[in-house]
S.K.: 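Take this structure, written in structure tokens, and hold onto it; I'll ask about it next.
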Amino acid sequence: MRVTKATVRRACAVCERTLLQGEYAFRFSPDGVEFADVCPLCQDVALEYGWAREGGPMSPALSPHARRKRPRWAQLLGVRNGEPEPVFPEPILRRLSNGEAALVEAADLFNASLFTRTVQGVARALGAPLVSIVPLSGVNSELVLTFAWEITWYQYRVLPEASQPIRLADRGADISEIEAAFTDWNASLDESGRVVPNVAR
């Protein structure tokens, strides 16, 4: 009789990052009934959502940083509490070309999303990534954000007009898998982990 090992894919319920084999995850309940895995980087966010931690009281426990629960639309869109700081101050934005302004807007939208936790978490382990922001041709204003390290990469689609402007589009395990069109590394992560496009200031 042959015994085969069952593969169970576990992902963080907040940032959707696939959890590594043996990686410790916290269990939270968004609704008080079902429990979901949450990675260590996102446990504070789960508390801010008002999710109940397994083993704790079933009434939502709020972290000291959470003064009020975020509205449902903010949770769905991945917008954090408070307004995120723009990548560049407003007077600089007025001097940018349309193409540069689109890159800055895409960076601002990504920086306001919860997907930054995934990128920042990988950057802590593997160092600063190569970053590109590439507008796609066509009638809509969709852009592609790519974050690449030697052994992994993530690609996000940014559509500013959409109800959910950021979504994970693709990811892989080797930088050579990325299409050449997305390897014009025209952005970077700053010290706080925010995406900053390389535009003339």
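Numbers here simply count residues along the sequence, with the first being 1.
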S.K.: Among the clusters formed by ILVMFWY side chains lying less than 4.5 Å apart, do V144 and I166 turn up in the same one?
M.R.: no
S.K.: Quick one, T146 with W185, criterion side chain to side chain contact (heavy atoms under 4.5 Å, CB included). Give me CA distance, side-chain angles, the key distance, then yes/no.
M.R.: CA-CA 9 Å; T146 305; W185 309 115; 4.2 Å; yes
S.K.: Might you confirm whether atom CD of E23 has over 12 heavy atoms from other residues, nucleotides or ligands at distances under 6.0 Å?
M.R.: yes
S.K.: Check whether any side-chain heavy atom of F115 sits under 4.5 Å from a side-chain heavy atom of L145, and report yes or no.
M.R.: no
S.K.: Do L41 and Q120 have side-chain heavy atoms sitting under 4.5 Å apart?
M.R.: no
S.K.: Could you tell me if the side chain of P165 sits less than 4.5 Å from the side chain of L159, heavy atoms only?
M.R.: no
S.K.: Please examine the side chains of R27 and D37, heavy atoms only from C-beta on, and report whether any two atoms are closer than 4.5 Å.
M.R.: yes
S.K.: Can you check whether F147 and F110 have ring centres sitting under 6.0 Å from each other?
M.R.: yes
S.K.: Just checking E179: does its CD atom have more than 12 heavy atoms from other residues, nucleotides or ligands closer to it than 6.0 angstrom?
M.R.: no
S.K.: What is the minimum heavy-atom distance between N111 and T116, and which atoms define it?
M.R.: CA-CG2, 3.7 Å
S.K.: Under 4.5 Å between side-chain heavy atoms, hopping through other hydrophobics if needed: is there a path connecting Y24 to W51?
M.R.: yes
S.K.: Does the side chain to side chain contact (heavy atoms under 4.5 Å, CB included) test come out yes or no for L189 and R194, once each step is laid out?
M.R.: CA-CA 5 Å; L189 289 190; R194 298 184 318 143; over 6 Å; no
S.K.: Is there side-chain contact between F35 and F26, with at least one heavy-atom pair below 4.5 Å?
M.R.: no
S.K.: Step by step, would you call I175 with L130 a side chain to side chain contact (heavy atoms under 4.5 Å, CB included)?
M.R.: CA-CA 10 Å; I175 193 171; L130 297 169; 3.8 Å; yes
S.K.: Please give me the minimum heavy-atom distance between L19 and A25, naming the atom from each residue.
M.R.: CD1-CB, 3.7 Å
S.K.: When hydrophobic residues are tied together by side-chain contacts of less than 4.5 Å, even through go-betweens, does W149 share a cluster with I178?
M.R.: no
S.K.: Please tell me if the side chains of C39 and V14 come closer than 4.5 Å, counting only heavy atoms from C-beta onward.
M.R.: no
S.K.: Under a plain distance cut-off of 3.5 Å, with no hydrogens placed, do S141 and E161 share a side-chain donor-acceptor pair?
M.R.: yes
S.K.: Measure the CZ-CZ distance between R10 and R17 for me, rounded to the nearest 0.5 Å.
M.R.: 10.0 Å
S.K.: Could you tell me if the side chain of D170 sits less than 4.5 Å from the side chain of F182, heavy atoms only?
M.R.: no
S.K.: Are any non-hydrogen side-chain atoms of L136 and R157 less than 4.5 angstrom apart?
M.R.: yes
S.K.: Measuring from atom CG of N186 to atom OG of S132, what distance do you get when rounded to the nearest 0.5 angstrom?
M.R.: 6.0 Å
S.K.: Can you tell me how far SG of C15 sits from CZ of R117, rounded to the nearest 0.5 angstrom?
M.R.: 8.5 Å
S.K.: Between CZ of R167 and CD of Q155, what distance do you get to the nearest 0.5 Å?
M.R.: 10.5 Å
S.K.: Would you give the length of the straight line joining atom OG1 of T152 to atom CZ of R171, rounded to the nearest 0.5 angstrom?
M.R.: 8.0 Å
S.K.: Are Y154 and V134 linked, directly or through intermediate hydrophobic residues, by side-chain heavy-atom contacts shorter than 4.5 Å (ILVMFWY only)?
M.R.: no
S.K.: Using the rule side-chain contact (heavy atoms from CB on, under 4.5 Å), only one of L143, V195, L168 pairs with Y156; which is it?
M.R.: L168
S.K.: So how far is it from D184 CG to I133 CD1, rounded to the nearest 0.5 Å?
M.R.: 10.5 Å
